[in-house]
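Bear in mind the structure is a predicted one, so any value in this text is a computation, not a measurement.
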Amino acid sequence: MFIAQELRKKSIAEYLLYMWQIEDIIRAYGCSLSRIRHEYIDRFDYTDEQKEEMTDWYGNLVNMMTREGKRQQGHLQINQIILQDMAELNAMLLQSTKFSFYTAEYYRVLPFIVELRNRGGKEAGEIETCMNALYGTMMLRLQHKEISQETTHAIKEITTFIGMLSDYYIKDKTEGINFEDE
């Protein structure tokens, strides 16, 4: 919860990846709030008040996952909305002639997106494909699994692109972006 609050202000992409990880943590504990509290939250060096806040936060997420039928797989609606917002912002940035550096980065990453979509078999949008690639790589690294040089190169490019999009997302939410050509 505390990490999520900071990430949301700093990088929407990192926030979303973190929230996907939280969904998986909840599933790993069988969506049991008591297990999450005793086997996970209690391991952190938090005050009792902070642990209660964390328990409430996880409890709300468990309830949402249950209501939305996401106990086994999939992403919460609140996370899907952020992903959709990112995809819409991407489209707006690409339509405007004011963001040529962003557009150039998009076209540098596009071959990787196409290849990932062809391999994936599932019809995910471009931004979701990028986020899935970043999340998958993060999971491989956490499991200390080998990542090929080709994948490492693709992830580096995708990271740069998603980082730019994330920066524009924060800018749009905090100060607004003028997409009109002058």
Side-chain angles (χ1 to χ4, degrees), residues 1-93 102 109 124-145 147 155-156 158-177:
M1 177 185 104
F2 304 112
I3 294 170
Q5 290 169 339
E6 287 307 307
L7 286 176
R8 185 150 189 160
K9 295 177 207 165
K10 183 183 87 156
S11 169
I12 200 64
E14 288 180 43
Y15 169 79
L16 193 56
L17 292 171
Y18 179 77
M19 290 304 296
W20 287 1
Q21 188 177 23
I22 294 297
E23 292 169 343
D24 283 345
I25 287 169
I26 290 169
R27 290 183 189 108
Y29 288 100
C31 296
S32 165
L33 187 57
S34 63
R35 281 191 63 204
I36 292 168
R37 171 61 194 248
H38 299 294
E39 297 174 34
Y40 184 70
I41 296 172
D42 283 348
R43 296 186 327 190
F44 293 98
D45 188 24
Y46 290 140
T47 65
D48 288 342
E49 184 180 312
Q50 287 174 315
K51 287 180 181 180
E52 285 306 313
E53 281 183 68
M54 289 287 291
T55 302
D56 288 346
W57 187 68
Y58 274 95
N60 288 331
L61 293 173
V62 168
N63 288 336
M64 282 189 261
M65 289 173 74
T66 300
R67 278 194 316 269
E68 295 177 21
K70 306 292 182 185
R71 290 174 63 98
Q72 300 301 317
Q73 65 181 12
H75 299 299
L76 288 168
Q77 189 67 30
I78 56 172
N79 296 328
Q80 290 175 328
I81 289 168
I82 291 170
L83 189 62
Q84 182 61 41
D85 288 348
M86 290 173 69
E88 289 171 8
L89 178 59
N90 175 62
M92 291 167 55
L93 290 166
Y102 179 84
V109 170
E126 294 171 343
I127 302 305
E128 184 177 1
T129 298
C130 289
M131 294 299 292
N132 285 338
L134 293 174
Y135 189 73
T137 303
M138 183 177 80
M139 291 294 104
L140 289 174
R141 286 185 178 135
L142 287 172
Q143 297 167 18
H144 304 290
K145 294 196 175 170
I147 300 168
I155 291 302
K156 184 179 178 197
I158 289 170
T159 299
T160 300
F161 170 65
I162 291 296
M164 290 175 72
L165 177 59
S166 187
D167 290 346
Y168 279 121
Y169 182 97
I170 299 296
K171 181 178 179 168
D172 190 41
K173 296 296 180 198
T174 56
E175 32 182 293
I177 296 176

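- When Asp56, Ile26, Ile25, Ile36 are each tested for a side-chain contact (heavy atoms from CB on, under 4.5 Å) with Leu61, only one passes: Ile26.
- Scanning both residues, Cys130 and Val109, for their nearest heavy atoms gives SG-CG1, 4.3 Å.
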| task | Start with the C-alpha distance between Tyr29 and Tyr58, add both sets of side-chain angles, then the distance that settles side chain to side chain contact (heavy atoms under 4.5 Å, CB included), and finish with yes or no. | result | CA-CA 11 Å; Tyr29 288 100; Tyr58 274 95; over 6 Å; no
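- Two residues are said to be in side-chain contact when any heavy atoms from C-beta on lie closer than 4.5 Å; Leu142 and Gln21 meet this criterion.
- Note that CD1 of Ile81 and CG of Asp85 are 7.5 Å apart. Values are rounded to the nearest 0.5 Å.
- Nearest heavy atom pair, residue Ile127 against residue Ala87, reads CG1-CA, 3.8 Å.
- Listed by chain and residue number, Arg37 satisfy the salt bridge (charged side-chain N to carboxylate O under 4.0 Å, His left out) test with Glu52 (two or more places apart in sequence, or in another chain).
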| query | Checking side chain to side chain contact (heavy atoms under 4.5 Å, CB included) for the pair Val62/Thr66: CA distance, chi angles, key distance, verdict? | reply | CA-CA 6 Å; Val62 168; Thr66 300; 4.3 Å; yes
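- For the residue pair Gln84 / Gln80, no side-chain donor-acceptor distance below 3.5 Å is found, with atom types taken as modelled.
- For the pair Trp20 and Leu134, the minimum side-chain heavy-atom distance is 4.5 Å or more.
- Checked against ring pair (Phe, Tyr, Trp, His ring centres under 6.0 Å), Tyr102 has the following partners two or more places apart in sequence or in another chain: Phe161, Tyr168.
- Separation of atoms CG (Asp172) and CG (Asp167) is listed at 12.5 Å; rounding is to 0.5 Å.
- Of all the heavy atoms in Arg35 and Gly30, the pair that sits closest is NH1-N, 4.1 Å.
- The main-chain N or O of Leu83 is never found under 3.5 Å from a side-chain atom of Glu128 such that the two would form a donor-acceptor pair.
- Rounding to the nearest 0.5 angstrom, the gap separating the CE atom in Met131 from the CE atom in Met138 is 9.0 Å.
- With Ser166 contributing its side chain and Ile162 its backbone, the two residues share no donor-acceptor pair below 3.5 Å.
- Inter-residue side-chain proximity for Arg67 and Asn63 is flagged as met; some heavy-atom pair is nearer than 4.5 Å.
- Counting heavy atoms from C-beta outward, Tyr169 and Lys173 have side chains that approach closer than 4.5 Å.
- Paired with Arg8 under the rule side-chain contact (heavy atoms from CB on, under 4.5 Å), one option of Ile170, Leu16, Ile3, Ile82 passes, and it is Ile82.
- Between Glu23 and Asn79, the shortest heavy-atom distance links the atoms OE2-ND2, 2.7 Å.
- From Ile155, atom CD1 reaches atom OG1 of Thr160 across 11.0 Å, with rounding to the nearest 0.5 Å.
- Between Ile147 and Arg141, the closest heavy-atom pair is CD1-CG, 3.4 Å.
- The pair Lys51-Asp48 does not count as a salt bridge, with every side-chain nitrogen at least 4.0 angstrom from each carboxylate oxygen.
- Residue Met54 holds its CE atom at 13.5 Å from CD of Glu49, rounded to the nearest 0.5 Å.
- The backbone N or O of Leu7 sits nowhere less than 3.5 Å from a side-chain atom of Ser11 that would complete a donor-acceptor pair.
- Taking NE2 of His38 as the start and OG of Ser32 as the end, the distance is 8.5 Å to the nearest 0.5 Å.
- Side-chain contact between Gln77 and Lys70 is absent, with no heavy-atom pair separated by less than 4.5 Å.
- Under the 30°/60° scheme for interplanar angles, the aromatic rings of Tyr46 and Phe44 are found to lie parallel.
- Within 6.0 Å of CD in Gln143 there are more than 12 heavy atoms belonging to other residues, nucleotides or ligands.
- In this structure, Ala4 and Met19 approach most closely via the heavy-atom pair CB-SD, 4.2 Å.
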